[in-house]
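Labels below follow one simple rule: chain letters A, B, ... track the order of the sequence lines, proteins then strands, and each chain is numbered from 1.
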Protein chains: 2
Amino acid sequence: MKILIVEDEQQLANSIQTYLTGNDFVCEWAANAKSAFDKITTYEYDCILLDLMLPDGNGFEILKELKRQNKTDGVIIISAKETLETRIEGFNLGADDYLTKPFHLSELLVRIQALIRRKNFKGSNIVSFNEIEINILSKTVGINNTPIDFTKKEIDLLLYLVGNKNKVLSKSAIAEHLSGDMADMLDNHDFVYAHIKNLKKKLNEAGSGDYIKTVYGLGYKWQHD
Amino acid sequence: MKILIVEDEQQLANSIQTYLTGNDFVCEWAANAKSAFDKITTYEYDCILLDLMLPDGNGFEILKELKRQNKTDGVIIISAKETLETRIEGFNLGADDYLTKPFHLSELLVRIQALIRRKNFKGSNIVSFNEIEINILSKTVGINNTPIDFTKKEIDLLLYLVGNKNKVLSKSAIAEHLSGDMADMLDNHDFVYAHIKNLKKKLNEAGSGDYIKTVYGLGYKWQHD
DNA sequence: CTTCTACAATTAGAATTTTCATCGTGCGAA
DNA sequence: TTCGCACGATGAAAATTCTAATTGTAGAAG
């Protein structure tokens, strides 16, 4: 895990570096905007800690450049400015997190770890489980190395169930999950029956039967070891 | 805006209260778990600041009670404990945010404001704009007081455009927004054309023409004052 | 001004998602 | 055990979303 620290105060940069190195990260340091520019265009980092106030330029310029290069994933802004505006501008430019100075190093560590977890999950397009292998991007599922086509909603449902294995998920929870953003509550959730049925059917045909259990009155669960 | 401060250190509670009152919030203070219990079952708060370590009980107990009462929306945990575990447990119990002591009061304010914005946006199902009024729940849109039916994706697109008025949104950004979770990048985004066309058509028929401008080579924008 | 190219609009149709009506089944009460 | 009822399953139709093929057009280049 490689981290770039863009920060002009040497004291702070040093203590961050020491702390992170002690937690198995590899750190590099850029003390000004120019140096930061050079590094981000040349190397790849898992995470960039970006101070907004630099001696030779504004951190937002760097953020814009990162956005142009499509590398905003993994940026944590570190700033003493704490107005809502700068915060919002940071997020709009694609930063992932925002930390106001002064902060605890442990707080920083937690956020870096959370960010890397998010990033990895987002980056990897394969989720596998027993004889089942799901490729989220291509919307295909392999069962015992035979490819099966599922629709987007079917994969979504499958992942939701698998991700909560041995836990009962209510019909309304599933409905909310599948329908994405818009909240429901008073809506019709019967389409869940249809998706459950289709998913069960396709799994059966592929030989992966009986993972999905109906729990009468409560919902469904993915049952397994 | 009413805020409950659950915190046993009087010094801290006082300074929070003073600061927030100065920023147009109404504050109440609970110095222990028992008092907090009484208040949350009796009154409604827009936001609850919850210290985890209290003289007569653990803050998690209060959080559980809030969950049981379905009032977890608006809880910010304030704690000196800063392990990943307590943090995760807090989020699992439905807390909205987590702040480690010591913190800046301005940081707290920003978070409260962000939280209340989220909460309001989530709670309200009506978004209105000029002669257009959108009810997210019923998936209906009124234009000049005439109801028009849009599909879910059409409303989604409409809201996305309106929410970014006068900003150009690229085709791929729109595609990503509409398709929900799954990341694309290398995928076909032509379905955006279809939705844009349908939306334009329905808006036109309702007499609200010409808000959506095509910006050649860049995307689309909702143009307005 | 004409041509060329890349992007956008349009249309029809395929695939998916959702709704609706009907039927089957588990579980509690008599 | 049998009945009744609420919940789940099913199949087919309706609605929506997405794809694919075609046509139209803005803007750059000659």
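Helix-axis bend for the helix from C/dC1-D/dG30 to C/dA30-D/dT1: the local axis fitted to the five terminal pairs at one end deviates from that at the other end by 30°, rounded to 10°.
Using modelled atom types and a 3.5 Å distance limit, the side chains of B/H224 and B/N166 yield no donor-acceptor pair.
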Letter per nucleotide, 5' to 3', of nucleotides 2-18 of chain D [B base touched, S only sugar-phosphate touched, - untouched; heavy atoms, 4.0 Å]: ----BSBSBB----SSS
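Counting heavy atoms of neighbouring residues, nucleotides and ligands inside a 6.0 Å radius, atom NZ of A/K167 does not exceed 12 of them.
Here the range on DNA chain C touched by chain B, meaning any atom under 4.0 Å from one of its heavy atoms, is C/dA6 to C/dT18.
Remark: A/K221 engages no residue in a salt bridge (charged side-chain N to carboxylate O under 4.0 Å, His left out) (not counting sequence neighbours). For A/D8, there are no salt bridge (charged side-chain N to carboxylate O under 4.0 Å, His left out) partners, not counting sequence neighbours.
Below 30°, between 30° and 60°, or above 60°: for B/W222 and B/Y211 the angle between ring planes is below 30°, a parallel geometry.
Using a 4.5 Å cut-off on side-chain heavy atoms (C-beta onward), A/V141 and A/E133 make no contact. For the pair A/S179/B/K152, a side-chain contact is recorded, criterion being any heavy-atom separation below 4.5 Å from C-beta on.
Formation of a donor-acceptor pair under 3.5 Å by the A/N144 side chain with backbone atoms of A/T146 is not found in this model.
Sequence neighbours left out, the pairs with a member in residues 199-212 of chain B that pass salt bridge (charged side-chain N to carboxylate O under 4.0 Å, His left out) are B/E154-B/K202.
Checking each of A/I112, A/L4, A/V6 against A/L49 for a side chain to side chain contact (heavy atoms under 4.5 Å, CB included) leaves exactly one that passes, namely A/I112.
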